[in-house]
Amino acid sequence: AFAAALQTFLSRLGDAIDTALARLSARRERKRPRLLWLSVGAIASRALPAWKVKLLNSNLSRAFNDAAAPLLRRAGVSVLDMYTESSAHPEASPDGVHYPGAVSRSHAQRLLRQLLPGCRRAEGSRES
């Protein structure tokens, strides 16, 4: 069911991109945009309320990412792994889901490096 739902999403996304490209002026290059998918981060179960642990946990996050990544890549989507780093630092999540501070900054830097290859890190910014 998950794979079918993701395939439907990717198909509709592709159709939407094709429609947008068709509307571009004839003077512009009709080039498909690069798509990035940030994988689901790890869940720090120790910070979750007990009732959420069955619904949200790192095993489910990993299973989602493992199922989604190959389908996304086959559809031409670049997948950035956010799970690995967040799973290495469960103590950094105050609520079990979000990772403020060093983990979040590191994720942002990785995303920026993908969006702006060859661009140097901004002066004064911190990277973990």
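Bear in mind the structure is a predicted one, so any value in this text is a computation, not a measurement.
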Could you check if a side-chain atom of [X] sits within less than 4.5 angstrom of a side-chain atom of [Y], using non-hydrogen atoms only?
X: Thr8; Y: Arg12; result: yes
X: Gln114; Y: Leu80; result: yes
X: Leu36; Y: Arg34; result: yes

Between [X] (side chain) and [Y] (backbone), is there a donor-acceptor pair under 3.5 Å?
X: Ser86; Y: Tyr83; answer: yes
X: Ser61; Y: Ala42; answer: no
X: Asn65; Y: Ser39; answer: no

message: Can you give me the closest heavy-atom contact between Pro70 and Asp66, atom names plus distance?
response: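 Shortest heavy-atom contact: CD-O, 3.1 Å.
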- prompt: How far apart are the closest heavy atoms of Pro90 and Ala44, and which atoms are they?
  reply: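 Answer, listing the atom of Pro90 first, then Ala44: O-CB, 3.5 Å.
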With sequence neighbours excluded, tell me which residues meet side chain to side chain contact (heavy atoms under 4.5 Å, CB included) with [X].
X: Val97; answer: Ile43, Leu48, Leu56, Asp95
X: Ala92; answer: His89, Tyr99, Val103
X: Arg46; answer: Glu91

query: Could you give all pairs that pass the side chain to side chain donor-acceptor pair (under 3.5 Å) test and reach residues 49-59, with sequence neighbours left out?
result: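 Non-adjacent pairs meeting side chain to side chain donor-acceptor pair (under 3.5 Å): zero.
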message: Suppose we screen for side-chain hydrogen bond (donor to acceptor under 3.5 Å, both in side chains). Which residues come up paired with Thr84, at least two apart in sequence or across chains?
response: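 Residues passing side-chain hydrogen bond (donor to acceptor under 3.5 Å, both in side chains) with Thr84: Asp81.
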- request: Return the set of residues passing side-chain hydrogen bond (donor to acceptor under 3.5 Å, both in side chains) with Gln7 (not counting sequence neighbours), or none when no residue passes.
  value: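 Gln7 satisfies side-chain hydrogen bond (donor to acceptor under 3.5 Å, both in side chains) with no residue once adjacent residues are dropped.
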query: Are Phe9 and Phe64 connected in the hydrophobic side-chain network, where two residues link if heavy atoms are under 4.5 Å apart?
result: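 Phe9 and Phe64: one cluster.
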task: Treat each ILVMFWY residue as a node, draw an edge where side-chain heavy atoms are under 4.5 Å apart, and state whether Leu60 and Leu6 are in one component.
output: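 No, separate clusters.
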query: Please walk me through it: do His107 and Leu38 pass side-chain contact (heavy atoms from CB on, under 4.5 Å)?
result: CA-CA 9 Å; His107 286 177; Leu38 307 181; over 6 Å; no
message: Within this structure, what is the OG-NE2 distance for the pair Ser104 and His98, rounded to the nearest 0.5 Å?
response: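 Going from OG on Ser104 over to NE2 on His98, the span is 10.0 Å.
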message: If we count only N and O atoms by modelled type, under 3.5 Å, do the side chains of Glu85 and Ser106 hold a donor and an acceptor together?
response: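 A donor-acceptor contact under 3.5 Å links the two side chains.
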